[in-house]
Amino acid sequence: MALIVQKFGGTSVADTTKILAAARKAIRETRAGNQVVMVVSAMGKQTDHLISLAKEISARPNTREMDMLMSTGEQVTIALMAIALESLGHKAVSFTGAQIGIRTDATYSKARIRSISTDRMRRALGEGKIVIAAGFQGVDDDLNITTLGRGGSDTTAVALAAALKADRCDIYTDVDGVYTTDPRIVPDARKLERISYDEMLELASMGAGVMHSRSIEFAKKFGVLVQVRSSFSDNPGTVIGPEPERDDMPVCGVALAKDEALVTIHGAPDKPGVCMKLFQKFADAKIPTDMIAQNSSSKGKTDVSFTVQSDDALKASDVAAKVVTEIEAESYEVDENVAKISAVGLGMEKQTGVAQKMFHALFERGVNIQMIATSDIKISALLKRDDAVEALRAVHAAFKLECEPTDEAPKTRSELKADANGSLENGVSANLISHLTGMEDVVVEGVALDDNQARFTLCDVPDRPGLAAEVFDKIAEGRAIVDMIVQSVGRDNLANITFTVAREEIDAVQRIADGICKSHGCRVESNPHVAKLTVRGSGLRSHTGLAYRMFKTLGDSGVNVSVISLSERCVGVVVDVEHGAVGQANLQKEFVEETL
Ligand code: ADP
Ligand code: ASP
Ligand code: MG
C-alpha cells in the first residue's frame, strides 16, 4: 500500500464544486489501495482578502496577529474538505498545523519548520481515514500560530511527505506542470517532462511561483519525488527529481520576479568588516538579499547595492536607515520600480556564451540592464519593471525554450524513484541530514577553492543598452571563458562590470578590456591573482544567516571579499589568492566539520 500526499492550491479549492472534485481525486487514490494525506490552501484569493482587511485598518499590522488572521483561510478549507469526503462516503479527519504537530520557529510570516510529529496522522490513516492537513501553518514553542510565507502550502505538503516517508507528493494546481517559463506570460512556453531539484529550487527562488522554493529544499534533502499536475485534467504533469530533463541544454527555464526592490547604500566606508555588518542587519531581520554588487572605491567610499523582494521593501528601508548611521555611510535609496529576470540551468556550468546570449537578446529589444549577477547555474539581470514582460519573452525565445527536445526518451517514474533514493550527487547525504536539529535547517555539503582566477573590473562604463552584450561578445571572440559576472548600479549613468577568468587568459583579456575602455572612455582595474571560494549546499540564499556567517568567518580570518555570487545551491566569493587556503580551511571548520 503506497502513501500519497496530495496538495490542492487556492484555485483548485476555490468553490465547493472544486472542493468536491478534489475530494474525488483523493478517493480515487484510496480505491487504488493507497493511503492519502491531503494538504489544502485557502479558497481562491482568500489569503489576499484577509491581508487587505488588515491593511484597511493598519499599514503595518502586528505580525503575530497577521499569522493568526491568515491561518484562518486554510482552516475553512480543511473543514469543508472533510465534509465533502464524508458526503461522498469516505471517512476523513481534518487537522490544523498545531493539531498535526508542525513545530516552527517564531518568525511570523516566514516561519521555518523544525519538526513534524506523525503519530496522529498515522493513527487516522490506520483507521482508514483520509487525513486533511491545513497548509502554510504551524505553531511555535509557545503555541503561537505561525505561517510559512506566501505559497507555503507546497512546503507543508513536501515536508509532510518527507516526515511520513510518502511514496509520492502530488501538487495539484491550475497549470498542468512546470513550464520553461510562466505560460500565462509566454503562451508558447513548453511543459517540462521533468526538472532537477537544483533547477526547480533556483527557478522558484527567482520568481517561478508555481512552487514555493522551500518545498524543493525539503524534496531534495529528503529525496521526495514531487509531481506537479493539473487539478482540472488528467494530463501527465512534471516530475521534480534528482535528474534534469536534459544534460545538454544550458538553460531549462527563465523566471521573472516582477516585484523586486533595489536597495543602495551610498558612500559606505570601504574597509574590512563594513559589508559584513551591513548584511548582518538584513540577515537578522530575515530579509533575503540577492544580486549583491559593490562599486569600485573612490576616496575610500563605495556604493553597495542588492535586491530584496518588494514585500520586504518597507522593512528593508527601516533596516537601511539604521545601517547608514551605524556604518557611517552617506545615504540609502530604495527603488521599487525594478524587476529581475533569471535564466537557470544545470547545463550552464559546462557551456560558454550563455550570459552573452541573454545580454544580446535584451539588447536587441532595446532593454537596458541595470545590474547583472551570475552564479553557477543562473544569470540574473535587473531591469525597469516596465521592460520585464518584453525581456522575459526575448530571453525565452533566445534560448529556443519553446522547442521540444529531439532525442533521449524521458525516464520512467520507477527509474526516477530509484534515482531519488539512490543518488547522493543530486540529493543530500543521509549523514548530513542525520545531524540536523531542525527539519528545515540549512545543509552545507562542502567548501571548494579555485585559486587559478584573475579578476577584471571595467570602471565607469556608460550605462546604456548593449554595453554588456558588446563586452562579453568581444571576450568570447578572444575565446576566453568568463566565470562570475557582476554589473553594479552606476552613479551618473556610469556602471562597473566585474568578471573573473582563468589566470592563463589574463593577457588576452587585458588587451580586449583595454580596447573596450579606449572606445568608451572607461578604465580597467585588474587583479591577476584571485581565488574563488564556494560553499555548496541547498537553500543557501534564502537561509538569510548563511551568507552573513560566511562573510563573518572570512572577515574574522582577515580575508577581504571582492565579488559575491549567490544561488540556492552555492555561495561564491572572490578573495586575494594568498587568502584562498586560509579562507577555505576556516569555512570548512565553520560549516562542514561542525555538522559532522
Ligand atoms: P496554487 O494556488 O495551486 O498554489 P500558484 O498560483 O501558486 O497555484 O501557482 C501556479 C501558477 O504559477 C500558474 O498559474 C502560473 O501562472 C505560475 N507560474 C509561474 N512560473 C511558472 C512555470 N515556470 N511553470 C508553470 N507555472 C508557472
Ligand atoms: N494561502 C496561502 C497563500 O495564499 C498559502 C498557499 O496558498 O500556499 O499564500
Ligand atoms: Mg502556490
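All values below come from the heavy atoms of this structure, side chains included, with hydrogens, waters and symmetry mates left out. Just so we're clear, the structure is a prediction, and the values are computed from it rather than from any experiment. Just so you know, ligand 1 is whichever comes first in the structure, and atom 1 is the first atom listed for that ligand.
In summary, the atoms of ligand 1 found under 4.0 Å from a heavy atom of V175, numbered by their order in the structure, are 13 (C), 25 (C), 26 (N). If you number the atoms of ligand 2 from 1 as listed, the ones under 4.0 Å from a heavy atom of E74 come out as 1 (N), 2 (C), 5 (C). Atom numbering of ligand 2 starts at 1 in the shown order; those under 4.0 Å from a heavy atom of G151 are 3 (C), 5 (C), 6 (C), 8 (O), 9 (O). Within the listing of ligand 2, atoms 6 (C), 7 (O), 8 (O) sit less than 4.0 angstrom from a heavy atom of S41. Every atom of ligand 1 with a heavy atom of V178 under 4.0 Å away is listed here by number and element: 24 (N). Atoms of ligand 2 found under 4.0 Å from any heavy atom of R150, numbered from 1 in the order shown, are 3 (C), 4 (O), 9 (O).
The nearest protein heavy atom to atom 6 (O) of ligand 1 is not closer than 4.0 Å.
The closest protein non-hydrogen atom to atom 25 (C) of ligand 1 is G177 O, 3.4 Å. The single protein non-hydrogen atom nearest to atom 27 (C) of ligand 1 is V210 CB, 3.5 Å, given as residue, atom name and distance. The nearest protein atom to atom 6 (C) of ligand 2, hydrogens excluded, is given as S153 OG, 3.4 Å; this is a heavy-atom distance. What sits closest to atom 2 (O) of ligand 1 on the protein, heavy atoms only, is G10 N, 3.1 Å. Looking from atom 23 (N) of ligand 1 to the surrounding protein, the closest heavy atom is Y179 O, 3.0 Å. For atom 3 (O) of ligand 1, the nearest non-hydrogen atom of the protein is T173 OG1, 2.6 Å. For atom 11 (C) of ligand 1, the nearest protein heavy atom (residue, atom name, distance) is D174 OD1, 3.8 Å.
The pair R194-E243 fails the salt-bridge criterion, with no side-chain N (NZ, NE, NH1 or NH2) lying under 4.0 Å from an Asp/Glu carboxylate O. A salt bridge is defined here as a Lys NZ or Arg NE, NH1 or NH2 lying under 4.0 Å from an Asp or Glu carboxylate O, and R103 with D141 meets this definition. We find that R114 and D105 are not joined by a salt bridge, their nearest charged nitrogen and carboxylate oxygen being 4.0 Å or further apart. In this structure, D376 pairs ionically with R569, as a charged nitrogen and a carboxylate oxygen lie closer than 4.0 Å. Salt bridge D248/R246: present, at least one basic N to carboxylate O contact under 4.0 Å.
In terms of polar-atom proximity, R184 is counted as a contact of ligand 1, with an N or O under 3.5 Å from an N or O of the ligand. Between G10 and ligand 2, a contact under 3.5 Å exists for no N or O pair. Between K7 and ligand 1, an N or O atom pair is found at a separation short of 3.5 Å.
Between the side chain of D441 and the backbone N or O of G438, at least one donor-acceptor pair lies under 3.5 Å. With hydrogens and angles ignored, the 3.5 Å screen pairs no side-chain donor or acceptor of K220 with any backbone N or O of G241. In this structure, T238 contributes its side chain and V228 its backbone to no donor-acceptor pair below 3.5 Å.
At least one side-chain heavy atom of L201 sits under 4.5 Å from a side-chain heavy atom of S538.
Within the 4.0 Å heavy-atom cutoff, G135 does not count among the residues contacting ligand 2. Within the structure, ligand 1 has P183 among the residues with a heavy atom less than 4.0 angstrom away. Ligand 1 lies less than 4.0 angstrom from a heavy atom belonging to G209.
Summarising the geometry of F95 relative to I100, their closest heavy-atom pair is CB-CG1, 3.6 Å, with the distance given to 0.1 Å.
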Q: Apply salt bridge (Lys or Arg N to Asp or Glu O under 4.0 Å) to R190 and E402, showing your working.
A: CA-CA 5 Å; R190 182 178 68 84; E402 68 286 359; over 6 Å; no
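For the side-chain contact (heavy atoms from CB on, under 4.5 Å) criterion with K110, the lone passing option out of D312, T146, T104 is D312.
Residue contacts with ligand 1 for L203 are absent, since no atom lies close enough (heavy atoms, distance under 4.0 Å).
The option with the heavy atom closest to atom 19 (C) of ligand 1, from among T47, L192, D182, V228, is D182.
Side-chain contact annotation: T47 with R150, donor-acceptor N/O pair under 3.5 Å absent.
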